[in-house]
Every structure is written in C-alpha cells, then in structure tokens.
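Each ligand, and each atom within it, is numbered from 1 in the order the structure gives. Count residues from 1 along the sequence.
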Amino acid sequence: MLPPIASRFVAGETAPAALEHARETNERGVGVILNLLGEHYDEREPADADAAAYCELVDDIAGTDLRARISVKPSQLGLDVGEEVFRENLARVVERADEHGVFVWMDMEDHTTTDATLDAFEHHARETGGGVGVCVQANLRRTREDLERLADLPGKVRLVKGAYDPPEAVAYREKPRVNEAYRDCLEYMFEAFDDGVAVGSHDPEMVALAERLHDEHGTPYEVQMLMGVREDAQFDLADEREVWQYAPYGSKWLSYFYRRVLERKENLAFALRAVASG
Ligand code: FAD
C-alpha cells in the first residue's frame, strides 16, 4: 500500500486510485495528466504490459466525464529495447486513445532519445491531427531549432527546463543560462504556435512571463505542474487559466518519490516531519 507520506506526490498504486485522484483534482478546476510509473525497460515484456495498461486506462477515462489525459515515457514503451518496439507500443496506445478522443502526451527523456521521440511525435501528430503532445527541454542547445520544426505540426508542445543531466556539448548547464533559454523558447512559442503552448514549470517567473506573452500575442496556453508541488498555486491559477496537474501512479512509486523529496530541501523537511509524526 502507498504510505501516506508518498501520497502527496503519487496518485495511488492502481488505475482506480489514480482516477479517483483525477476526480478530486478536477473538482478544484485542474485537469490531470496521468503517468503510469515505469521506465528504462530492457526487455520487451514489461514495455508491452505498460502499453496494455495505458490502453485500459484510456478505456477507463473514456467511460467517465473526467478531464484527464495520459503521459507516456518512450523508454517505458520499449525504446531501450529497440526503436521498433517503442513505435509499435506507442502506436497501440495512441490509436486507442484517438478512438476515444483521449489526448496523449509524450515525456522527453535523456538527450540520446530526442530524435526518436520527436520523430514518433511528428508521425502521430499528423496521423491524429493533433491528438498528441510532446515535451521539449530548454536546457538542450538544439531545442530552439526543434521548436521551428514543431511549430508547423498539429499537436501540443510542453516546454520544461529539463530534468536530466546532459553533457556540456549538447546542453546549457548553468541555471541562469537554462532560464534564459527557457525564456527565449517560450517567447518563440507564443509567437509561432497556433495550437497553444504548455508551460511545464513551477517557476513563478516563467508563469508570469507566459501570462505577459499571452496578453501580447493572444496565443492560448496552459500551465502544467507536478502533483504535490505548489498545489495552492495550481488551484489559484485555475480560476483564470487552464491548469493541468501531472500525476504519476503505479506500483513503481518509490524511486519517483525519492526524486521529489531529494530535489528540494522543503520536500525533504516535509518527508521528515511526516515520518516524525508517525
Ligand atoms: P526550478 O527551476 O526547479 O525552480 C524555479 C522556481 O520554481 C523556484 O525558485 C521556486 O520558486 C519554484 N519551485 C520549483 N520547484 C518547487 C517546489 N518543489 N516547491 C515550491 N516551489 C518550487 N523534465 C524532463 O526532462 N522531461 C519531461 O518530460 C518532463 N515533464 C515534466 C512535466 C511537468 C508537468 C513538469 C512540471 C515538469 C516536467 N519535467 C520534465 C521536469 C522539468 O524539466 C524540471 O526539472 C522541473 O519542472 C523543475 O524546474 P521548474 O521550472 O519547475 O523550476
């Protein structure tokens, strides 16, 4: 069972628990992007199993009136096993989602996977006429150019700063430089994207910049934040803006929970307080 300490960041161990979290979050005006935890499979079997689980999740979402989408990781669908396996599994999930009108996000993993992820996104963006979205990382030097390619495609793009640790040759490594790249990319997206912009950041500066750019260009946008991170801001913002919460779920919650706790001392303090109070 998911311990209460982890339930701040993880929506449950099962799909029904995750859907219940989605319902509660929707009631407060925020949409939910569900991610089944799992990544870097080096065998086909778990990748196929997660693709099947996503197909079932899509059926479950379609049977409700929830504002819920899904987000998949390429290595969860078999990219480490082979690009063909990833493409087959992604196609299964996207086709099922498209039948039901459920939107599919693709997370972006380390920089060696960017081409395979963007190519697969492009294929499905065209096939579904915009039923898919992809994440891009502002810390990669290539991203500003990738955005020019993505601007001509249907579908959505989520801009994040980047959670991986790519080498200097391909990435900006200093935080101020990453922030500058994020601002540049965001400005370009508000100028060039018709299908809207997804701001994947908890940073109040970036959220405020998005609002200014929206006023200037009229481009629609949504803010996306992680479950358990600045939730008050998520619910406040939802009074005026489209807000989506990325909510992971599933039995493989432990390493995700550690990542959240270790990335910020406030989260570590929260975890220690929770342990101390039993
Ligand atoms: P940071 O640069 O970490 O912090 C800037 C400011 O934001 C802080 O000074 C503070 O004011 C505020 N802030 C940040 N975190 C907190 C917190 N925990 N509590 C309170 N305030 C805080 N990365 C990928 O590489 N691939 C993905 O597919 C991907 N998907 C994502 C999806 C979503 C919806 C989100 C929100 C993030 C995703 N990320 C992904 C992670 C992303 O790349 C960043 O690592 C992460 O969001 C931290 O950067 P930041 O912009 O939120 O803020």
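- Annotation: cation-pi pair R260/Y256 present, NZ/CZ under 6.0 Å from the ring centroid and within 45° of its normal.
- Ranking the protein heavy atoms by distance from atom 11 (O) of ligand 1 puts P204 CD, 3.5 Å first.
- In terms of N/O distances under 3.5 Å, ligand 1 is not approached by L226.
- Within the 4.0 Å heavy-atom criterion, both parts of Q224, backbone and side chain, lie near ligand 1.
- Taking the ring centroids of Y246 and W244, they lie at or beyond the 6.0 Å cut-off.
- Using cut-offs of 30° and 60° for the angle between ring planes, the F193 and Y188 rings count as perpendicular.
- Numbered from 1 in the order shown, with element, the atoms of ligand 1 that lie under 4.0 Å from a heavy atom of Q137 read 24 (C), 25 (O), 26 (N).
- Between M108 and ligand 1, at least one N/O pair is under 3.5 Å apart.
- Without hydrogens or angle criteria, Q137 side chain to M108 main chain gives a donor-acceptor distance under 3.5 Å.
- At least one N or O atom of K175 sits closer than 3.5 Å to an N or O atom of ligand 1.
- The closest approach between R158 and ligand 1 falls below 4.0 Å for a heavy atom of the residue.
- Where the criterion is an N or O separation shorter than 3.5 Å, residue side chain and backbone included, Y246 fails it with respect to ligand 1.
- Within the 4.0 Å heavy-atom cutoff, E205 does not count among the residues contacting ligand 1.
- A pairwise comparison of heavy atoms in G131 and T128 identifies N-OG1, 2.9 Å as the closest pair.
- Heavy-atom contacts from other residues, nucleotides or ligands closer than 6.0 Å to CZ of R259 number more than 12.
- Every ring pair (Phe, Tyr, Trp, His ring centres under 6.0 Å) that F190 has, sequence neighbours left out, goes to Y221.
- The nearest protein heavy atom to atom 43 (O) of ligand 1 is closer than 4.0 Å.
- Taking CG of L213 as the start and CE of M206 as the end, the distance is 11.0 Å to the nearest 0.5 Å.
- Residue V229 has no N or O atom closer than 3.5 Å to an N or O atom of ligand 1.
- On a distance-only criterion, K161 and ligand 1 share at least one N/O pair closer than 3.5 Å.
- The pair K156-D195 fails the salt-bridge criterion, with no side-chain N (NZ, NE, NH1 or NH2) lying under 4.0 Å from an Asp/Glu carboxylate O.
- Of the protein's heavy atoms, none falls inside 4.0 Å of atom 46 (C) of ligand 1.
- When only non-hydrogen protein atoms are considered, atom 50 (P) of ligand 1 lies nearest to S201 OG, 3.7 Å.
- Scanning all protein heavy atoms for the shortest distance to atom 7 (O) of ligand 1 gives D203 CA, 3.1 Å.
- Salt-bridge annotation for R149 and D119: present, with a side-chain N of the basic residue lying under 4.0 Å from a carboxylate O of the acidic one.
- When the heavy atoms of V134, D107, V160 are ranked by distance to atom 31 (C) of ligand 1, first place goes to V160.
- For atom 27 (C) of ligand 1, the candidate residues are C135, G200, P74; the nearest heavy-atom contact is made by C135.
- In this structure the side chain of H111 reaches within 4.5 angstrom of the side chain of P167, judged on heavy atoms.
- For atom 13 (N) of ligand 1, the nearest non-hydrogen atom from the set M227, E231, H111, H202 comes from H202.
- Taking atom 41 (C) of ligand 1 as the reference point, the nearest protein heavy-atom neighbour is A163 CB, 4.1 Å.
- Scanning all heavy atoms of the two residues, the minimum distance from G250 to L36 falls at CA-CD1, 4.1 Å.
- Nearest to atom 8 (C) of ligand 1 among the protein's heavy atoms is R264 NH1, 4.1 Å.
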